[in-house]
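Accompanying notes for the structure given below.
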Amino acid sequence: MLAVSLPTAYTLSVALGSLLAMGVAAIVFLPRLDPVGFVKEFLRTDWKYLGVAWIVTNLVNTIAHRFHADRTFTWLIYEFEGPVVAAFQSVTSEPLTLLFTAAYLVGFPTIVLFTYFKLKAHDEREARRYALAYVVLVLLAVPFFVFVPVGIPALYPAVAVRPLIFDVSPIIRAGMLATDTMVKAFPSLHTGLSVLAALYARKAGPRYAAAAFALAGLIVLSTFYLGIHWLTDAAFAVVLVGVAYWVSRRVDPERVLPVPALGGLRPAFLSPDRDTE
């Protein structure tokens with residue numbers, strides 16, 4: 001039997017869980033999806049927009065890991081808001097912890113990525129604007145990760161907050177500690193990107209918008225309950241969402257990344273009976 005490290009097991013578990021969740025979402029929200037058309041569209045356009053988003057995300061994570069101020073500013077956040085985040089752990093239970101852990105680890109990548117494809121089913125331009133907003137939001141966070149590093153509440157001694165997500169499994173603990181510095185809490189990209197996805201989900205039908213807003217709310221709450229983010233992290237992230245959304249509405253994403261038409265064809269993402277909910 002092939003042995004894998006705990007961080008690798010963590011990455012595989014999150015990836016497989018997210019793919020499964022997106023498959024369920026596709027069945028529910030894209031029932032008339034044409035698999036062949038999906039692949040054609042991915043090869044024509046999506047690889048470019050999603051690829052850029054992936055590269056920017058990994059670049060930002062690398063920068064945050066290798067370059068950040070030696071001094072953290074967690075004390076400043078604590079001075080500003082105090083121990084209020086501890087109130088989210090006033091009632092804890094194993095089922096609640098599992099729910100919030102699933103939202104944080106699997107719900108987050110699901111809402112961020114699936115929203116792109118759901119938007120694509122309704123309006124390609126909106127999907128591209130969403131991808132642009134994603135990149136802008138992540139880039140806006142870089143200066144704060146580098147110059148104003150802030151630790152998570154669960155690792156700050158003055159706050160009575162437990163790292164509940166670490167208690168779920170040693171795989172999660174090892175995986176998160178291996179992939180995150182734990183000093184880039186400000187701003188919260190889990191909050192920012194979830195809120196951004198929910199904001200754009202309004203353009204993909206009322207049923208999906210309601211589901212996206214509910215999931216985004218659950219993800220934001222999970223960051224507090226699990227001891228990962230401060231309220232200040234989330235509040236500032238929402239401010240950055242407003243900036244990223246504003247930019248995405250005023251910059252044409254096709255001028256940044258023009259979309260080629262393969263052989264003069266622009267294959268449909270869905271079958272002729274398009275999803276119009």
Side-chain angles (χ1 to χ4, degrees), residues 6-7 9-18 20-21 57 61 64-65 72-75 77-78 80-113 138 141 144-145 149-198 212-238 241:
L6 292 181
Y10 166 81
T11 301
L12 291 175
S13 298
V14 172
L16 291 175
S18 301
L20 178 61
T57 300
N61 284 333
H65 272 76
T72 64
F73 292 82
T74 315
W75 63 272
I77 300 295
Y78 181 74
F80 177 72
E81 70 175 59
V84 63
V85 72
F88 289 89
Q89 289 189 357
S90 58
V91 176
T92 62
S93 67
E94 185 175 351
L96 197 58
T97 300
L98 291 176
L99 172 64
F100 281 128
T101 298
Y104 185 86
L105 295 179
V106 175
F108 172 68
T110 299
I111 189 175
V112 170
L113 184 55
V138 173
F144 301 97
F145 291 163
V150 171
I152 67 174
L155 298 182
Y156 192 65
V159 187
V161 173
R162 292 167 49 203
L164 293 177
I165 194 169
F166 291 166
D167 298 337
V168 174
S169 166
I171 292 177
I172 294 176
R173 181 183 182 88
M176 289 189 65
L177 291 176
T179 58
D180 199 307
T181 63
M182 298 298 157
V183 292
K184 59 182 182 68
F186 179 84
S188 169
L189 284 184
H190 262 70
T191 292
L193 293 174
S194 298
V195 171
L196 179 66
F213 269 95
L215 180 54
L218 191 65
I219 293 168
V220 174
L221 287 176
S222 77
T223 67
F224 305 139
Y225 176 88
L226 297 172
I228 304 298
H229 283 289
W230 305 85
L231 270 67
T232 306
D233 304 337
F236 190 69
V238 173
V241 168

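Taking both residues in full, the closest heavy atoms of W230 and G82 are given as CZ3-O, 4.0 Å, listed atom of the first, atom of the second, then distance. Heavy atoms only, all atoms of each residue included: K184 and D180 are closest at NZ-OD2, 3.6 Å. Pairing each heavy atom of A185 with each of G151, the nearest pair is CB-O, 3.9 Å. Closest heavy-atom contact between T179 and Y10: OG1-CE2, 4.1 Å. The nearest pair of heavy atoms linking A216 to V195 is CB-N, 4.5 Å. The two residues V159 and A86 come nearest to each other via the heavy atoms CG1-CB, 4.3 Å.
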### Query
Going through the checks in order, is the side chain to side chain contact (heavy atoms under 4.5 Å, CB included) test met by V85 and V161?
CA-CA 8 Å; V85 72; V161 173; 4.0 Å; yes
### Task
Tell me, with the steps shown, if T191 and H229 meet side chain to side chain contact (heavy atoms under 4.5 Å, CB included).
CA-CA 9 Å; T191 292; H229 283 289; 5.6 Å; no
### Derivation and outcome, side chain to side chain contact (heavy atoms under 4.5 Å, CB included), residues S222 and L218
CA-CA 6 Å; S222 77; L218 191 65; 5.8 Å; no
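Judged purely by atom type and a 3.5 angstrom limit, S188 has no side-chain atom pairing as donor or acceptor with the backbone of A237. A donor-acceptor pair under 3.5 Å is formed between the side chain of T11 and the backbone N or O of P7.
Counting heavy atoms from C-beta outward, T97 and D167 have side chains that stay 4.5 Å or more apart. Taking 4.5 Å as the limit, some side-chain heavy atom of L189 sits within range of a side-chain heavy atom of F145. Put simply, the side chain of I165 reaches to within 4.5 Å of the side chain of M176, judged on heavy atoms. Put simply, the side chain of S18 reaches to within 4.5 Å of the side chain of V106, judged on heavy atoms.
A distance of 14.0 Å separates CD1 in I152 from CD1 in I77, rounded to the nearest 0.5 Å. Interatomic distance, OG1 of T101 versus CG of L164, reported as 8.0 Å (0.5 Å rounding). From F213, atom CZ reaches atom OG of S194 across 11.5 Å, with rounding to the nearest 0.5 Å. Here L226 contributes atom CG and T92 contributes atom OG1; the two are 11.0 Å apart, rounded to the nearest 0.5 Å.
In terms of the ring-ring contact (aromatic ring centres under 6.0 Å, His included) criterion, residue partners of F88 (sequence neighbours excluded) are, by chain and number, F224.
Sorted by first and then second residue, the ring pair (Phe, Tyr, Trp, His ring centres under 6.0 Å) pairs with a member in residues 170-190 read Y104-H190, F108-H190, F144-F186, F186-F236; sequence neighbours excluded.
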